[in-house]
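Heads up, the thing below is written out as structure tokens.
One-based numbering along the sequence shown. When a ligand or atom number is given, it counts from 1 through the structure's own listing order. None of these values were measured; they are calculated from a predicted model.
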Amino acid sequence: MAKRSLKSQLSLTIAMAVFVTVALISVLSNLFISEKFKDYIAQKQTQKTQEIVSSLSQQYNAKTGQWNTDFIHTIGMYALYDGYIIKVHENNGTAVWDAAFHDMTLCTQVMADISEWMQEKYPRINGEFTSRDYPLMQSGQEVGAVTISYYGPYFLSENDFQFLKALNTILISIGSVSLLFSLILGWIMARRISMPITQTANIAKEISAGNYDIRFREETRTRELEALVTSVNDLADSLKEQQNLRKILTADIAHELRTPLTTVSTHLEAMIEGIWEPTKVRLQSCHEEINRITKLVKDLESLAEVEQNNLISHKTLINLLEIVTTISNNLEMDIFNKKLDFTVLGQVPCILADKDRISQAILNLLSNAIKYTPENGHINVVLIEKKNSVELMIEDDGIGISKADQPFIFERFYRAEKSRNRKTGGAGIGLAIVESIINAHNGQIRVESELNKGSKFIIDLPKRG
Ligand code: ADP
């Protein structure tokens with residue numbers, strides 16, 4: 001299905017909503033105003049007839065029994081120009097003043113004008129001239145009556161009509177201007193929303209094509225869009241970091257393998273070509289180098305295993321003190337050979353964790369402590385139970401780690417003072433494995449160390465895994 005752009009969809013929706021709203025407001029207000037105006041006109045008409053009736057009533061002189069025909073004439077003529085044709089008569093039916101009688105032509109003209117005008121402007125109301133009788137009262141006495149004919153149910157004068165027309169024009173103008181204004185505003189808004197999305201999509205495309213340096217730099221004023229932009233930028237950052245790490249890792253592995261492989265290769269070559277006697281010592285040296293390579297491959301394997309989908313599937317309730325004791329028993333020979341003073345202190349905290357992985361982490365830390373502590377040194381393991389976690393501390397008074405090296409020791413292949421450690425045979429992977437295991441358990445690890453004084457590795461593991 002053909003997809004429409006977000007901008008056109010948003011613009012269209014906004015335009016539709018605005019159009020419907022404006023149209024509804026216009027139609028409703030038009031209807032409402034027209035209705036109200038008609039009411040007003042009808043009211044005005046009633047008022048007018050009442051005025052005529054009341055002023056006519058006053059023209060009778062009860063004492064003389066005479067009508068003031070001059071005034072009646074004036075009132076009648078004014079009323080005629082306003083569209084009211086009157087006929088005043090006494091109680092016995094005798095005519096006092098009759099507009100039709102007075103000026104037949106004018107009356108017919110007025111009636112024809114009004115009918116024509118109303119038929120033209122308001123054909124739907126089907127109006128016509130109607131007559132109504134009103135009694136003329138004076139001090140509660142009926143002194144006569146007036147017949148008033150006018151165009152009903154109501155009629156609008158030219159002025160009234162012009163007023164209504166002007167009102168409608170204003171309404172239509174306001175509607176059109178606000179419609180146009182909202183369309184422009186809607187278009188700007190749609191553009192503002194869609195632009196960063198389009199750009200972010202393009203950036204994501206670039207990232208998937210391997211261009212990790214591209215970033216979205218413009219500011220957006222929408223919180224959600226800002227979050228989207230930041231996530232895509234972060235994604236690019238982390239992919240770039242991953243790419244760098246991969247490059248470094250490959251270089252490091254190549255470097256680590258090259259040295260022992262070159263040594264073995266040159267030694268074997270020399271022996272094959274008869275330059276060297278294949279003595280036991282030389283063969284042993286080759287064997288050691290091969291062992292080093294094997295250990296490196298094994299370490300890499302465990303690191304890959306730990307880092308792969310957080311391999312901590314078998315979580316059980318484990319006793320840390322028991323684990324530390326088992327590991328230290330396995331390392332007893334090394335501890336004994338170096339005449340190290342080894343103590344384990346603390347409670348018997350149980351935590352929910354993967355036993356094999358935690359054992360591996362503790363083994364790596366203890367092996368390091370033994371490896372980097374000279375003869376007659378001290379190693380202490382302290383276990384402290386906290387409210388929600390358990391702290392495991394492995395402390396030694398060995399060679400220590402300089403402040404400059406401390407931030408990097410958990411990185412793969414990082415070895416503090418590399419030459420110093422060549423002898424110890426480590427490839428700098430042990431601590432990377434430890435950190436991965438602890439992280440996978442939602443724990444934390446940190447180091448406190450001083451060069452030539454000793455190191456303290458502190459692990460904090462949550463009790464519930
Ligand atoms: P390695 O196999 O080299 O021991 P690790 O990842 O276990 O690799 O350790 C990284 C580096 O951290 C080591 O090369 C060493 O310089 C330093 N290190 C680790 N543990 C200790 C310790 N207990 N005392 C002093 N240095 C240590």
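- Screening residues 203-224 for ring pair (Phe, Tyr, Trp, His ring centres under 6.0 Å), with sequence neighbours left out, gives no hits.
- Here L431 has heavy atoms under 4.0 Å from ligand 1 in both its backbone and its side chain.
- The closest donor-acceptor contact from the side chain of Q45 to the backbone of Y151 lies under 3.5 Å.
- Each of the following atoms of ligand 1 lies closer than 4.0 Å to a heavy atom of I401: 18 (N), 25 (C), 26 (N), 27 (C).
- Looking only at side-chain heavy atoms (C-beta outward), I207 and N211 stay at 4.5 Å or farther from each other.
- For the residue pair D397 / H378, a side-chain donor-acceptor distance below 3.5 Å is found, with atom types taken as modelled.
- The closest approach between any non-hydrogen atom of G398 and ligand 1 is not below 4.0 Å.
- Within the 4.0 Å heavy-atom criterion, the part of Y414 lying near ligand 1 is the backbone and not the side chain.
- By the 4.0 Å heavy-atom criterion, N364 is excluded from the residues contacting ligand 1.
- The shortest N or O to N or O distance between F457 and ligand 1 is not under 3.5 Å.
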Given ring pair (Phe, Tyr, Trp, His ring centres under 6.0 Å), test Y84 with Y78 step by step and report yes or no. CA-CA 9 Å; Y84 299 86; Y78 268 117; over 10 Å; no
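- Within the 4.5 Å cutoff, no side-chain heavy atoms of L185 are placed close to those of I14.
- At least one heavy atom of K371 sits closer than 4.0 Å to an atom of ligand 1.
- Within ligand 1, the atoms closer than 4.0 Å to a non-hydrogen atom of I429 are 6 (O), 8 (O), numbered from 1 in the order shown.
- The part of D396 lying near ligand 1 is the side chain, judged by heavy-atom distances below 4.0 Å.
- Within ligand 1, counting atoms from 1 as listed, the ones closer than 4.0 Å to a heavy atom of I409 are 10 (C), 12 (O).
- Ring-centre distance between F155 and W117: not below the 6.0 Å cut-off.
- Note on residues 256-295: pairs passing ring pair (Phe, Tyr, Trp, His ring centres under 6.0 Å), not counting sequence neighbours, are H267-W276.
- Atom numbering of ligand 1 starts at 1 in the shown order; those under 4.0 Å from a heavy atom of S455 are 22 (C), 24 (N), 25 (C).
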